[in-house]
Amino acid sequence: MKRDSTGPQPDASGHFTKLPRSFYIRSSLAVARDLPGLYLFRKSGKTLFAGRIVEVEAYRGTNDPASHAYRGMTPRNEVMFGEGGRLYVYFTYGMHYCCNVVTGAKGDAGAVLIRAVEPLAGIRAMNRRRSAGDGRNRDRRELCSGPGKLCQAFGIGRRENGIDLCGGTIWLARKGGENPPRRIGRSRRIGISSGRKHLWRFFLPDTPFVSR
DNA sequence: TCTATGATCGTA
DNA sequence: ACGATCATAGAG
């Protein structure tokens, strides 16, 4: 496909354009709908990790009983209450990290959980981090097909909480010349005990890289 | 302090 | 279907 020379110019990662702050200063629902088909990047040392986002979930602030922000600000969820465009990472079940994109203006505690990506770059390192110790490689579909899995694969943990997604460590990007997905699947959110009725999970319907 | 629970994952 | 495993939040 031919590149439009009047459009956004490619950044250092190639023909990808980092999403601007304005992308995140919207409701979590609006951001969540737009994320499937976009790309997650992480620079760690000399390794570049990349994945195509295939599954996300929207969480609102104090009006969503499933949200960590439902009962107000705490030390854990405070980055959710900040301006959109930062990463909210939390630890759960005693062993897993999950990462969210914070959305909305300061004071609006919305966030979008990234649940699965299709691994595209850094796959050797992902396999190393995700191996059960026996050094064998996993099926590419099992590398990032869940919120805990993708954080492990990308090396996202406590230290990454609050990272500015408009910086050069972890960021989201659009691929030049690529159209939005034709169809986006919707369903109830997974693994929650309240707020079950809303269809706030968004995914690409035709990939094998979503969670189960 | 003490206790219940969890935006999960791998194995059985 | 279940256990691992522990930070967090809310209660006492």
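Quick note on labels: first sequence line is chain A, next is B, and so on, each numbered from 1.
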Participant: Is there a side-chain polar atom (N or O) of A:T74 under 4.0 Å from OP1 or OP2 of C:dA9?
Facilitator: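 Checking A:T74 against C:dA9: at least one side-chain N or O falls below 4.0 Å of OP1 or OP2.
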Participant: Expressed as a whole number of angstroms, how long is the span from A:Y97:OH to C:dC6:C1'?
Facilitator: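 So the OH-C1' distance, A:Y97 to C:dC6, works out to 10 Å.
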Participant: Answer with base, sugar-phosphate or nothing: what part of the nucleic acid does A:R76 contact at a heavy-atom distance below 4.0 Å?
Facilitator: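 The residue A:R76 makes sugar-phosphate contact but no base contact.
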Participant: What's A:G94 touching, base or sugar-phosphate or nothing? Going by heavy atoms closer than 4.0 Å.
Facilitator: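 Result for A:G94 = base.
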Participant: From C-beta outward on A:R71, which listed nucleotide comes closest to its side chain: C:dT5, B:dA7, C:dG10?
Facilitator: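 Nearest to the side-chain atoms of A:R71, counting from C-beta on, is C:dG10.
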Participant: With sugar-phosphate meaning primed atoms plus P, OP1 and OP2, does A:Y93 contact a base, only sugar-phosphate, or nothing at under 4.0 Å between heavy atoms?
Facilitator: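 Counting heavy atoms under 4.0 Å across all strands, the contact made by A:Y93 includes a base.
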Participant: According to a strict under-4.0 Å criterion, is A:R212 in side-chain N/O contact with OP1 or OP2 of B:dT8?
Facilitator: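 It does not, given that no N or O in the side chain of A:R212 lies less than 4.0 Å from OP1 or OP2 of B:dT8.
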Participant: Return the nearest nucleotide to the side chain of A:F91; candidates are C:dA4, B:dC9, C:dC6.
Facilitator: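 From the listed options, C:dC6 comes nearest.
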Participant: Between A:E142 (CD) and B:dC9 (P), how many Å, whole number?
Facilitator: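 Those two atoms, CD and P, are 12 Å apart.
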Participant: Please name the nucleotide paired to C:dT8 by Watson-Crick or G-U wobble geometry with both distances under 3.5 Å, or report none.
Facilitator: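 C:dT8 is paired with B:dA4.
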Participant: Measure from NZ or CZ of A:R21 to the centre of the six-membered ring of A:Y24 and say whether it is under 6.0 Å with the direction within 45° of the ring axis.
Facilitator: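 Relative to the ring axis of A:Y24, which defines the angle, A:R21 lies outside at least one limit.
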Participant: If each of A:Q152 and A:I192 is mapped to the nucleotide of DNA chain B with the nearest heavy atom, which maps nearer the 5' terminus, i.e. the 5' end?
Facilitator: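 Final value for this comparison: A:I192.
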Participant: How many whole angstroms separate atom CD of A:E57 from atom C1' of B:dG6?
Facilitator: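 Those two atoms, CD and C1', are 14 Å apart.
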Participant: Atom CG of A:L113 and atom C1' of B:dC9: how far apart are they, to the nearest Å?
Facilitator: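 My rounded result for the distance is 15 Å.
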Participant: When A:S187 is tested against each of A:R201, A:H198, A:E57 for side-chain hydrogen bond (donor to acceptor under 3.5 Å, both in side chains), which residue passes?
Facilitator: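 Among A:R201, A:H198, A:E57, the one that satisfies the side-chain hydrogen bond (donor to acceptor under 3.5 Å, both in side chains) with A:S187 is A:R201.
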Participant: Would you check if the side chain of A:Q152 reaches a backbone N or O of A:H96 as a donor-acceptor pair within less than 3.5 Å?
Facilitator: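 Checking the backbone N and O of A:H96 against the side chain of A:Q152, no donor-acceptor pair under 3.5 Å is found.
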Participant: Round to a whole Å and report the spacing from CZ of A:R138 to P of B:dC9.
Facilitator: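 About 11 Å, once rounded to whole Å.
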Participant: Is any side-chain heavy atom of A:V112 closer than 4.5 Å to one of A:W200?
Facilitator: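 A:W200 does not reach A:V112 side chain to side chain.
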Participant: Are a donor atom and an acceptor atom from the side chains of A:S211 and A:E55 found within less than 3.5 Å of each other?
Facilitator: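 The criterion, which ignores hydrogens and geometry beyond distance, is satisfied for A:E55 and A:S211.
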Participant: May I have the distance from A:Y90 (atom OH) to C:dA7 (atom P), rounded to whole angstrom?
Facilitator: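 Roughly 16 Å, once rounded to whole Å.
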Participant: To the side chain of A:T92, which of B:dT8, C:dA4, B:dG10 is closest?
Facilitator: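 The answer is B:dT8.
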Participant: In this structure, which one of A:I170, A:L19, A:V102 forms a side-chain contact (heavy atoms from CB on, under 4.5 Å) with A:L165?
Facilitator: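 The residue from A:I170, A:L19, A:V102 that satisfies side-chain contact (heavy atoms from CB on, under 4.5 Å) with A:L165 turns out to be A:I170.
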Participant: How is A:M73 classified with respect to the nucleic acid when contacts are heavy atoms under 4.0 Å: base, sugar-phosphate, or nothing?
Facilitator: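 The residue A:M73 makes no contact with any strand.
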Participant: Please work out if A:S193 contacts a base, only the sugar-phosphate, or nothing of the nucleic acid, heavy-atom cut-off 4.0 Å.
Facilitator: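 It contacts sugar-phosphate atoms only.
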Participant: Please tell me if A:R158 has a side-chain N or O lying less than 4.0 Å from either OP1 or OP2 of C:dT8.
Facilitator: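 Answer yes for this pair, as a side-chain N or O of A:R158 is under 4.0 Å from OP1 or OP2.
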Participant: Rounded to whole Å, please give me the gap between OH in A:Y70 and C1' in C:dA9.
Facilitator: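 Going from A:Y70 (OH) to C:dA9 (C1'), I get 15 Å.
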Participant: Rounded to the nearest Å, what distance is computed from the CZ atom of residue A:R115 to the P atom of nucleotide B:dA7?
Facilitator: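 From A:R115 CZ to B:dA7 P: 11 Å.
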Participant: Assuming nearest nucleotide by heavy-atom distance, tell me which of A:M95 and A:P75 is located more 5' along DNA chain C.
Facilitator: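 Nearest-nucleotide comparison on DNA chain C picks A:M95.
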